[in-house]
> 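Structure below; questions to follow.
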Number of protein chains: 2
Amino acid sequence: MAALQKSIEKRNALIAATIELVNNNGFHATSMSKIAHMAQVSPATIYLYFANKQDLVNKTYIEVKGKYTDYAFETYTEKMPVAAGFEIIWKRIADFKLKECKYAMFLAQCDNTPMIDETSRQEGIKHLQPLLDLWARGKDAGIIKPISDYLLYAYTINPLSFLMMSEKRGAFKLDATHVEEAYQAAWSSIKVPA
Amino acid sequence: MAALQKSIEKRNALIAATIELVNNNGFHATSMSKIAHMAQVSPATIYLYFANKQDLVNKTYIEVKGKYTDYAFETYTEKMPVAAGFEIIWKRIADFKLKECKYAMFLAQCDNTPMIDETSRQEGIKHLQPLLDLWARGKDAGIIKPISDYLLYAYTINPLSFLMMSEKRGAFKLDATHVEEAYQAAWSSIKVPA
DNA sequence: TAAAAAAGAATGAACGTTCATTTTTATTCA
DNA sequence: TGAATAAAAATGAACGTTCATTCTTTTTTA
């Protein structure tokens, strides 16, 4: 059992090192030997846990995407009214992007480059289903505009990535006031006018 | 004059090759020899036009960003009313992201990875000034919500990047109806309610 | 005919990955 | 319980390849 324990620690260390190095230097400048060095492991050891570099980065992506969606839906239940449920999910996601911004940055990089295999990308999307279901409920009830889920995502959730990135670059501080303003902007853009 | 002419053609070919290869394979998998081959030039020749790979990609970024902002503001003048001016700029940008999507994809990749030097990044931002001025006018007139320009950008312009990327992946078709819906969402999110 | 532009071949460094060993762990038997 | 041993995990060195860049030579231009 101690052996398995140790293995999981090493795997976690490798994934953590991958995230940090890719965030700071990009995928192209992140070599297997640098990942190994940061995880305090031999380069050869990586290949006991992952088939190759592509597999390592794919698995890292899926793992981080999982953390993201788990966090997003943790306090949400399907019984909640549409508007309240949306606010809860939106604010959890905002929270995640602020508090776990190393994860959010990694996802932003993955989502805007060809570094992730298409299959792994789709694997990561699956867990957003509760949000899509909420939107379907909202459209049926005439609370949310009857437009594509891609548009809804683009105007509510995705802006948070831009804001997180701007903050990371030091151009902008996303404090509690800004978060509330951002939420109002998000909700304004998709709610059916009274 | 023929010599200079030829030089500009080669430079353009190198920049076009860089955009295409980076879009398809990412910065990490785009080698100088592949760029040279696609531009029908010797690898050594690249170094007559650019100091090194980083310089090549920085200059490509600035050039593409210039095309983007030139296009965005082409039909806009400062005399226009706020709402009309915003609609014109927004729709020009939407147009650019749809019609010149190879440029838009390249910018999305640059803006979400560490592949561009910070100085080149800031060089590229400068040309957005007319939009910032328009927003200042709109805030003064009580037409646009008095919130940070980063929030305004995040909720109006940036969603177009996400939609363009979704379309590029084949998940979504951004037709004229969707563009109009997206514009309404954008404007709803930043206008002061009546 | 001199200068500028371009070329292909060559460079050392760094890459991802594999290989031959060594170290660690778990199991077996006294 | 403790030495013997087999299996698993981990290693550092080495592999062939590819990289960005430079060097020397050739071609083109003025």
Side-chain angles (χ1 to χ4, degrees), chain A residues 1-61 106 109-110 113-117 120, chain B residues 1-61 106 109-110 113-117 120:
Chain A
M1 194 42 57
L4 182 61
Q5 199 71 8
K6 200 171 187 184
S7 288
I8 284 174
E9 277 166 26
K10 277 204 176 120
R11 205 192 114 104
N12 289 343
L14 285 167
I15 285 186
T18 302
I19 293 166
E20 173 143 354
L21 288 167
V22 169
N23 277 352
N24 290 333
N25 310 111
F27 182 60
H28 81 283
T30 297
S31 67
M32 294 298 262
S33 61
K34 281 179 193 158
I35 292 168
H37 183 256
M38 179 167 279
Q40 302 196 68
V41 140
S42 160
T45 302
I46 302 180
Y47 293 86
L48 298 175
Y49 294 86
F50 303 97
N52 49 44
K53 190 183 181 184
Q54 187 62 55
D55 182 50
L56 166 58
V57 76
N58 283 340
K59 296 251 169 76
T60 302
Y61 174 74
F106 182 77
Q109 196 164 164
C110 292
T113 67
M115 77 190 239
I116 301 294
D117 284 349
S120 299
Chain B
M1 192 41 59
L4 181 60
Q5 200 70 8
K6 200 172 189 184
S7 288
I8 284 174
E9 276 166 27
K10 276 202 176 122
R11 205 192 114 105
N12 288 344
L14 285 167
I15 285 185
T18 302
I19 293 166
E20 173 143 355
L21 288 167
V22 169
N23 276 353
N24 289 334
N25 310 112
F27 182 59
H28 81 284
T30 298
S31 67
M32 294 297 263
S33 61
K34 281 178 192 158
I35 293 169
H37 182 257
M38 179 168 278
Q40 301 195 68
V41 140
S42 161
T45 302
I46 302 180
Y47 293 85
L48 299 174
Y49 294 86
F50 303 97
N52 49 45
K53 190 182 180 183
Q54 187 62 57
D55 183 50
L56 166 59
V57 76
N58 283 340
K59 297 249 168 77
T60 302
Y61 174 74
F106 182 78
Q109 196 163 168
C110 291
T113 67
M115 77 189 238
I116 301 294
D117 284 350
S120 299

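Per chain, numbering begins at 1; letters A, B, ... match sequence-line order.
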> In whole Å, what is the span from the CD atom of A:Q40 to the C1' atom of D:dT11?
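Checked: the CD to C1' distance equals 15 Å.
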
> Measure the distance from CG on B:N52 to C1' on D:dT21 and round it to the nearest whole Å.
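Result: 9 Å.
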
> Between the main-chain N or O of B:G26 and the side-chain N or O of A:T113, is there a donor-acceptor pair closer than 3.5 Å?
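Looks like no, no N/O pair under 3.5 Å.
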
> Going by ring pair (Phe, Tyr, Trp, His ring centres under 6.0 Å), name the residues that satisfy it together with B:F27, two or more places apart in sequence or in a different chain.
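With neighbours one apart ignored, the set is A:H28.
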
> Please list, chain by chain and in numerical order, all residues satisfying side chain to side chain donor-acceptor pair (under 3.5 Å) with A:D55, sequence neighbours excluded.
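Checked A:D55 against side chain to side chain donor-acceptor pair (under 3.5 Å); matches are A:K59.
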
> Return the set of residues passing side-chain contact (heavy atoms from CB on, under 4.5 Å) with A:A17 (not counting sequence neighbours), or none when no residue passes.
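In terms of side-chain contact (heavy atoms from CB on, under 4.5 Å), with neighbours along the sequence ignored, A:A17 is linked to A:I35, A:M38, A:A39.
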
> Between C:dA7 atom C1' and B:Y47 atom OH, what is the distance in whole Å?
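So the OH-C1' distance, B:Y47 to C:dA7, works out to 15 Å.
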
> Would you tabulate the pairs of protein nitrogen or oxygen atoms and nucleotide nitrogen or oxygen atoms of nucleotides 12-16 of chain D closer than 3.5 angstrom?
{"residue": "D:dG12", "atom": "N7", "partner": "A:S42", "partner atom": "OG", "Å": "3.0"}

> Quick one: list whatever passes side-chain contact (heavy atoms from CB on, under 4.5 Å) with A:N24, sequence neighbours left out.
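If we apply the side-chain contact (heavy atoms from CB on, under 4.5 Å) test to A:N24, skipping adjacent residues, the hits are A:E20.
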
> Quick one: B:M32 CE to C:dA7 P, roughly how many Å, whole number?
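Spelled out: CE on B:M32 to P on C:dA7 is 14 Å.
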
> Under 4.0 Å: is that the gap between some side-chain N or O of A:K53 and OP1 or OP2 of C:dT17?
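Negative; the distance criterion is not met.
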
> Using whole Å, report how far CZ of A:F50 lies from C1' of D:dA10.
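From A:F50 CZ to D:dA10 C1': 15 Å.
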
> Do B:L48 and B:K10 have side chains that approach each other closer than 4.5 Å (heavy atoms only, starting at C-beta)?
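No; the side chains remain at least 4.5 Å from each other.
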
> With sequence neighbours left out, what residues match B:D117 under side-chain contact (heavy atoms from CB on, under 4.5 Å)?
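Expected list: B:Q54, B:N58, B:T119, B:S120.
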
> Counting only side-chain nitrogens and oxygens, does B:Y49 get under 4.0 Å of the OP1 or OP2 atom of C:dA6?
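Yes.
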
> Under the side chain to side chain donor-acceptor pair (under 3.5 Å) rule, collect the residues that match up with B:S31, sequence neighbours excluded.
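By the side chain to side chain donor-acceptor pair (under 3.5 Å) rule, B:S31 matches B:S33.
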
> What is the distance from CG of B:D55 to C1' of D:dA20, rounded to the nearest Å?
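The answer, rounded to whole Å, is 14 Å.
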
> For A:L48 and D:dA9, give me the distance from atom CG to atom P, rounded to whole Å.
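Answer to the nearest Å: 8 Å.
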
> Do any of residues 15-31 of chain B sit with a heavy atom less than 4.0 Å from DNA chain C, and if so which?
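Listed by number, there are none.
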
> Does a side-chain N or O of A:K10 approach OP1 or OP2 of D:dA9 to a distance below 4.0 Å, or not?
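For A:K10, the contact criterion (side-chain N or O under 4.0 Å from OP1 or OP2 of D:dA9) is not met.
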
> For the pair A:N25 (side chain) and A:T30 (backbone), establish whether a donor and an acceptor sit closer than 3.5 Å, ignoring hydrogens and angles.
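Side chain of A:N25 to backbone of A:T30: no pair is present.
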
> Could you state the atom-to-atom distance from CG of B:L56 to P of D:dC19 in whole Å?
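Going from CG in B:L56 over to P in D:dC19 covers 15 Å.
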
